[in-house]
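Just below is one structure, and these are the notes that go with it.
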Amino acid sequence: MGTRRYTIPPRFGLKDDSDDRWEKFKGEIGRLSAGALPTTQYKVIYLGRHGQGYREYWSRLDGDGKLVWGPDPELSQLGMEQANDAHRAWEQELRYKMPLPEKMYSSPMRRAIRTHRLTFQGLGEQGLKTTIVENIREKNGVSTCDKRRSRPEIQKDFPEYLFEDGFPEEDETWDPEIRETPEEVDGRATKVLDMIFENDKEQFISITSHHAFICAFLRVCGHRAWDLPTGGA
């Protein structure tokens with residue numbers, strides 16, 4: 001297990017360091033939206049990667065007799081610290097009126113949901129619930145850490161979370177012999193984008209997910225590549 005502690009960049013990477021930076025940012029998004037054609041929408045999507053989990057890369061096993069990493073491993077101690085770092089980063093920027101997510105989504109994997117919960121606990125609008133979406137999961141297949149648990153098991157551990165309509169009771173897509181291709185993950189990311197722009201009136205949206213999905217999401221958006229470390233945002 002790695003021990004490197006990732007540091008979220010100041011202001012989540014926003015170059016403007018003035019005290020009214022987020023008010024100016026939100027004003028610019030509002031200006032773009034006001035001048036947009038009826039067929040155009042502007043949204044700000046915050047992407048967060050889960051903290052480090054107990055896992056063994058590319059392992060077909062569920063554990064080694066000491067650690068259990070499959071299916072669907074928990075956060076390690078470092079992973080929980082990374083999620084708490086993200087929480088503190090949000091607290092810092094909220095002092096300068098950084099817009100909080102109005103709609104939140106998470107991968108169904110335990111390490112992602114746990115990261116999301118630790119990151120946003122006590123923040124945001126009271127009663128705002130996060131929706132678990134199957135297509136936001138990690139690159140799928142072969143590695144047991146990427147096999148998810150059943151819907152009832154997830155719901156038992158995270159009762160405050162919602163599930164998207166049609167969320168399968170069991171993991172129907174994980175294959176012990178076949179690993180998803182980057183093109184297939186791109187297809188899932190495209191479906192998530194379509195879901196957001198077709199259904200969500202909210203402008204500021206959060207997605208807590210995984211390395212391969214976030215890379216795919218950036219690709220299909222035409223964004224430059226960005227290798228987000230565990231715990232990154």
Side-chain angles (χ1 to χ4, degrees), residues 8-50 86-107 112 115-116 119-120 122-137 161-162 164-166 182-183 185-229 232-233:
I8 292 174
R11 305 175 300 279
F12 288 93
L14 192 70
K15 292 183 178 180
D16 185 354
D17 62 356
S18 62
D19 287 350
D20 61 346
R21 52 186 175 266
W22 291 110
E23 291 177 306
K24 289 189 287 187
F25 177 83
K26 190 173 181 179
E28 179 63 14
I29 299 300
R31 183 190 68 78
L32 290 169
S33 296
L37 296 172
T39 54
T40 301
Q41 299 179 58
Y42 288 91
K43 295 187 185 294
V44 176
I45 300 178
Y46 303 121
L47 296 171
R49 184 180 174 190
H50 65 82
H87 177 86
R88 285 188 286 270
W90 270 101
E91 283 186 320
Q92 169 66 23
E93 290 309 299
L94 285 173
R95 300 188 184 106
Y96 299 94
K97 300 184 179 180
M98 181 178 179
L100 273 164
E102 303 161 305
K103 190 73 175 280
M104 297 194 286
Y105 294 106
S106 176
S107 156
T115 296
H116 177 273
T119 297
F120 289 106
L123 306 177
E125 181 182 342
Q126 188 173 5
L128 178 63
K129 291 183 179 291
T130 300
T131 301
I132 295 171
V133 175
E134 181 82 312
N135 276 330
I136 294 176
R137 66 189 294 170
Y161 284 72
L162 303 175
E164 65 174 327
D165 291 343
E183 292 75 19
V185 185
D186 287 358
R188 288 200 281 113
T190 299
K191 289 178 181 178
V192 172
L193 268 172
D194 288 344
M195 175 191 73
I196 289 170
F197 278 89
E198 290 173 7
N199 301 328
D200 295 344
K201 66 181 185 303
E202 294 85 358
Q203 191 161 52
F204 294 89
I205 294 170
S206 166
I207 296 175
T208 304
S209 188
H210 309 262
H211 181 263
F213 178 85
I214 291 171
C215 288
F217 196 91
L218 296 177
R219 280 196 300 270
V220 301
C221 287
H223 195 283
R224 66 189 174 97
W226 188 261
D227 189 18
L228 197 63

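Since this is a predicted model, take the numbers as computed values, not measurements.
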Quick check: does any side chain N or O of Arg188 sit under 3.5 Å from a backbone N or O of Asn135, one acting as donor and the other as acceptor?
yes
Note: Leu32 and Tyr42 closest approach over all heavy atoms is O-CE1, 3.4 Å
Just wondering, do Arg11 and Tyr96 contact through their side chains at under 4.5 Å, heavy atoms?
no
Closest non-hydrogen contact found for Tyr46 with Pro101 is CD1-CG, 3.9 Å
Please examine the side chains of Pro10 and Asp17, heavy atoms only from C-beta on, and report whether any two atoms are closer than 4.5 Å.
no
Please collect all salt bridge (charged side-chain N to carboxylate O under 4.0 Å, His left out) contacts where either partner lies in residues 190-205, sequence neighbours excluded, each pair once.
Lys103-Asp200
With rounding to the nearest 0.5 angstrom, report the CD to CD1 distance, Glu93 to Ile8.
10.5 Å
If a pair satisfies salt bridge (charged side-chain N to carboxylate O under 4.0 Å, His left out) and one of its residues is in residues 203-213, list it, with sequence neighbours excluded.
none
Side chains of Trp226 and Leu47: does their closest heavy-atom pair fall under 4.5 Å?
no
When rounded to the nearest 0.5 angstrom, what distance separates NE2 in His116 from NE2 in His50?
14.5 Å
Taking the side chain as every heavy atom from C-beta outward, state whether Phe204 and Leu100 have any atom pair closer than 4.5 Å.
no
Keeping the roles fixed (side chain from Gln41, backbone from Phe197), state whether a donor-acceptor pair exists under 3.5 Å.
yes
Do any N or O atoms from the side chain of Ser209 and from the backbone of Ile136 form a donor-acceptor pair under 3.5 angstrom?
yes
Residue set satisfying side-chain hydrogen bond (donor to acceptor under 3.5 Å, both in side chains) with Thr40, at least two apart, ordered chain then number -> none
Between Leu228 and Leu218, is there a side-chain heavy-atom distance shorter than 4.5 Å?
no
May I ask you to test the Phe120-Thr130 pair for a side-chain heavy-atom distance under 4.5 Å?
no
Which pairs count as salt bridge (charged side-chain N to carboxylate O under 4.0 Å, His left out) when at least one residue sits in residues 214-227, sequence neighbours excluded?
Asp186-Arg219
Arg137 CZ to His210 NE2 distance, which is reported to the nearest 0.5 Å:
8.0 Å
Distance, nearest 0.5 Å, that separates CZ of Phe25 from CG of Leu14
6.5 Å
For Ala212 and Val185, which heavy atoms make the closest approach, and how far apart are they?
O-CG1, 3.8 Å
How would you list all residue pairs meeting salt bridge (charged side-chain N to carboxylate O under 4.0 Å, His left out) that involve residues 26-48, not counting sequence neighbours?
Glu28-Arg31
Just wondering, are more than 12 heavy atoms of other shown residues or ligands nearer than 6.0 Å to NZ in Lys97?
no
Counterpart residues, side-chain hydrogen bond (donor to acceptor under 3.5 Å, both in side chains), relative to Ser33 (two or more places apart):
Gln203
Of all heavy-atom pairs between Lys24 and Ser18, which one has the smallest distance, and what is that distance?
NZ-OG, 3.1 Å
Check the pair Val192 / Tyr105 against side-chain contact (heavy atoms from CB on, under 4.5 Å), numbers first and verdict last.
CA-CA 10 Å; Val192 172; Tyr105 294 106; 6.0 Å; no
Are Thr119 and Thr208 packed together at the side-chain level, in the sense that at least one heavy-atom pair is separated by less than 4.5 angstrom?
no
CD1 of Ile205 to CD of Glu102: how many Å apart, nearest 0.5 Å?
8.0 Å
Is there side-chain contact between Phe213 and Ser107, with at least one heavy-atom pair below 4.5 Å?
no
Distance from His87 atom NE2 to Glu91 atom CD, nearest 0.5 Å?
3.5 Å
